[in-house]
Amino acid sequence: MKILVTGGAGFIGANFVFYMLEEHPEDEIVCLDALTYAGNLETLEPAMDNPRFRFVKGDVADRKAVFPLFEKEGFDVVVNFAAESHVDRSIEDPGIFLKTNILGTQVLMDASREYGVKRFHQVGTDEVYGDLPLDRPDLFFTEDMPVTASSPYSASKASADLLVMAYHRTFGLPVTISRCSNNYGPYQFPEKLIPLMIANALADKPLPVYGTGENVRDWLYVEDHCRAIDRILRSGRVGEVYNIGGHNERNNLEVVKTILAQLNKPESLITFVGDRKGHDLRYAIDPTKIHEELGWLPTTKFDDGIRQTIDWYLDHEPWWRNIISGEYQQYYEKMYGNR
Ligand code: NAD
Ligand code: DAU
């Protein structure tokens, strides 16, 4: 198979590229990535010399770049990871989220129709189900729940999902959608909760916990997500949505305390700051469908995954120090300076 992976210079996309090159020696991968602030070519270095891998810099919303690429490469499969992915940034500046996440998806699907792609897979998020209350641990997100949104980010991802289903019904585009819970693991940009807290703890800086820290997320090790998408590509039913998650709920305070304990840092570093606007309370995936239909279950327990992740950040300091030393400094000051 020849697979287009968009957004492959970001966190999950890069992990997916490594996973697929390793697991499927028969497949070829082309990565299309605009190298925004979140994309990093250094991340893809381990794949660059592989003859079955090629990197192309380009914007998924740029029709003039996307169509010739599809014509030249003749992709069998498209896996669309490319997105603006950070909720806090979407609250500051929603516009680019609509362009990349909605219009970019449209351009990729138009090209997929034109050049006969056999599967268009949209990498979606559980945030399109809104949130669940904290006092109803019996409730979980299932695929048949209505799509809704709390942030401009989740609204853009929900819009993209609706468009993907519309292209399936109207034009017969062979699509699948996965909706995954919060990922963690190697190469995550240090603006997200876990790597941000690791970097701050190592620098003995305050750890900014939004609100009361009681918000709950359902954490999944990134490799488990990659394996689930691979299963969906090979055995998933066209036109279907698959939730991905593994009953690994933790509130933010628990996550932050785990990180501090493993790094041997004091809990006095925890600093409660102003809450995120529209902050979703709880995410929790019901993975019954992907388990029963495709036999997928997560393999990495949170306690092991978080230890491996912390070790990875300790072993790869130049990778994230490089990121937080540049433009990111201004972002941090803007987001956390007066919070
Ligand atoms: P990320 O921000 O780390 O990476 C996004 C990548 O997309 C970057 O390499 C960036 O350069 C690229 N990109 C952005 N705009 C582009 C454009 N216009 N054209 C081409 N490339 C562009 O994001 P991530 O955390 O790896 O998330 C990847 C996907 O998975 C997203 O679609 C996100 O919505 C979804 N998702 C993420 C999580 C999570 O916990 N991180 C969970 C569920 C779903
Ligand atoms: O659920 C899937 C989603 O998970 C993905 O679709 C998004 O792309 C991804 O960014 C993630 O969204 P969250 O908003 O849940 O992730 P984030 O790491 O930004 O925040 C996790 C929780 O931690 C959330 O409740 C907000 C809180 N938080 C976050 C940061 C960055 C803090 O308390 N302090 C912080 O500094």
Side-chain angles (χ1 to χ4, degrees), residues 5-16 31-41 43-44 56-62 65-66 79-91 96-97 99-101 103-105 107-108 122-129 131 141 150-151 153-154 156-157 160-161 178-185 187-197 200 206-220 222 225 229 244-245 250-253 255-256 270-276 278-285 332 335-336 339:
V5 175
T6 70
F11 164 47
I12 309 174
N15 278 285
F16 184 74
C31 166
L32 174 67
D33 196 297
L35 297 181
T36 67
Y37 80 92
N40 189 346
L41 257 194
T43 302
L44 283 172
V56 178
K57 183 172 186 295
D59 181 345
V60 290
D62 179 1
V66 168
V79 186
N80 183 26
F81 289 94
E84 288 293 333
S85 70
H86 193 35
V87 173
D88 292 327
R89 288 185 190 253
S90 82
I91 295 166
I96 186 69
F97 284 73
K99 180 171 182 249
T100 295
N101 299 1
L103 298 180
T105 302
V107 169
L108 290 169
Q122 176 70 359
V123 180
T125 170
D126 61 355
E127 299 203 13
V128 303
Y129 298 119
D131 63 353
F141 294 143
S150 308
S151 70
Y153 163 71
S154 52
S156 69
K157 293 293 288 185
D161 280 10
S178 51
R179 294 182 180 147
C180 190
S181 59
N182 286 63
N183 283 214
Y184 67 103
Y187 298 110
Q188 187 166 30
F189 194 91
E191 67 188 350
K192 304 285 168 63
L193 180 76
I194 288 180
L196 184 145
M197 297 299 168
N200 281 18
L207 270 51
V209 172
Y210 299 166
T212 60
E214 286 166 317
N215 304 62
V216 170
R217 297 294 183 264
D218 187 357
W219 294 97
L220 185 74
V222 62
H225 185 185
I229 294 175
I244 307 174
R250 298 278 189 288
N251 76 34
N252 295 337
L253 213 45
V255 172
V256 170
I270 294 174
T271 310
F272 292 97
V273 299
D275 210 350
R276 175 183 277 175
H279 199 172
D280 280 335
L281 290 172
R282 172 175 168 249
Y283 302 149
I285 286 274
Y332 197 88
M335 289 305 224
Y336 295 93
R339 197 152 189 153

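Atoms within a ligand are numbered from 1 in the order they appear, just like the ligands themselves. Computed over heavy atoms, backbone and side chain alike; hydrogens, waters and symmetry mates excluded.
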Chemist: Hey, looking at atom 23 (O) of ligand 1, which of Ser154, Ser181, Ser85 has the closest heavy atom?
Modeler: Ser85

Chemist: Of all the heavy atoms in Met335, does at least one lie under 4.0 Å from an atom in ligand 2?
Modeler: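 Heavy atoms of Met335 never come under 4.0 Å of ligand 2.
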
Chemist: Using heavy atoms and a 4.0 Å limit, tell me yes or no: is Tyr37 in contact with ligand 1?
Modeler: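 For ligand 1, residue contact (heavy atoms, under 4.0 Å) with Tyr37 is absent.
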
Chemist: Mark up the atoms of ligand 1 that fall under 4.0 Å of a heavy atom belonging to Tyr153, in ascending order.
Modeler: 33 (C), 34 (O)

Chemist: Check ring pair (Phe, Tyr, Trp, His ring centres under 6.0 Å) between Tyr129 and all other residues, then give those that pass, not counting sequence neighbours.
Modeler: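 Listed in chain order: Phe141.
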
Chemist: For His279 and ligand 2, answer yes if some heavy atom of the residue is under 4.0 Å from a ligand atom, otherwise no.
Modeler: yes

Chemist: Quick one: which ligand 1 atoms are inside 4.0 Å of a heavy atom on Gly7?
Modeler: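 Near Gly7, meaning under 4.0 Å from one of its heavy atoms, ligand 1 has 6 (C), 7 (O), 9 (O), 12 (C).
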
Chemist: How far is atom 29 (C) of ligand 2 from the closest protein heavy atom, and which atom is that?
Modeler: Tyr210 CE1, 3.6 Å

Chemist: Heavy-atom contacts with Asp59 under 4.0 Å: which atoms of ligand 1 show up? List them by number with element.
Modeler: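 Heavy-atom distances to Asp59 below 4.0 Å select 17 (C), 18 (N), 19 (N).
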
Chemist: At the 4.0 Å heavy-atom cut-off, does Gly8 count as touching ligand 1?
Modeler: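 False for this residue.
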
Chemist: Would Gln188 count as a polar contact of ligand 1, with the cut-off being nitrogen or oxygen pairs under 3.5 Å?
Modeler: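 Between Gln188 and ligand 1 (N or O atoms, distance only) the closest approach is not under 3.5 Å.
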
Chemist: Please could you name the atoms of ligand 1 that Leu35 approaches to less than 4.0 Å, counting only its heavy atoms?
Modeler: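 Result: 11 (O).
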
Chemist: Does Phe81 reach ligand 1, in the sense of a heavy atom lying below 4.0 Å from it?
Modeler: yes

Chemist: Report the member of Thr6, Thr125, Val128, Ile12 with the shortest heavy-atom distance to atom 38 (C) of ligand 1.
Modeler: Ile12

Chemist: So if I count the atoms of ligand 1 from 1 in the order they appear, which ones are less than 4.0 Å from some heavy atom of Lys157?
Modeler: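 In order of numbering, the contacting atoms are 31 (C), 32 (O), 33 (C), 34 (O).
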
Chemist: Could you pull out, from Ile194, Asp218, Asn182, Leu220, the option with a heavy atom nearest to atom 13 (P) of ligand 2?
Modeler: Asn182

Chemist: Just need the protein heavy atom nearest to atom 14 (O) of ligand 2, so name the residue and atom and give the distance.
Modeler: Arg276 NH1, 2.6 Å

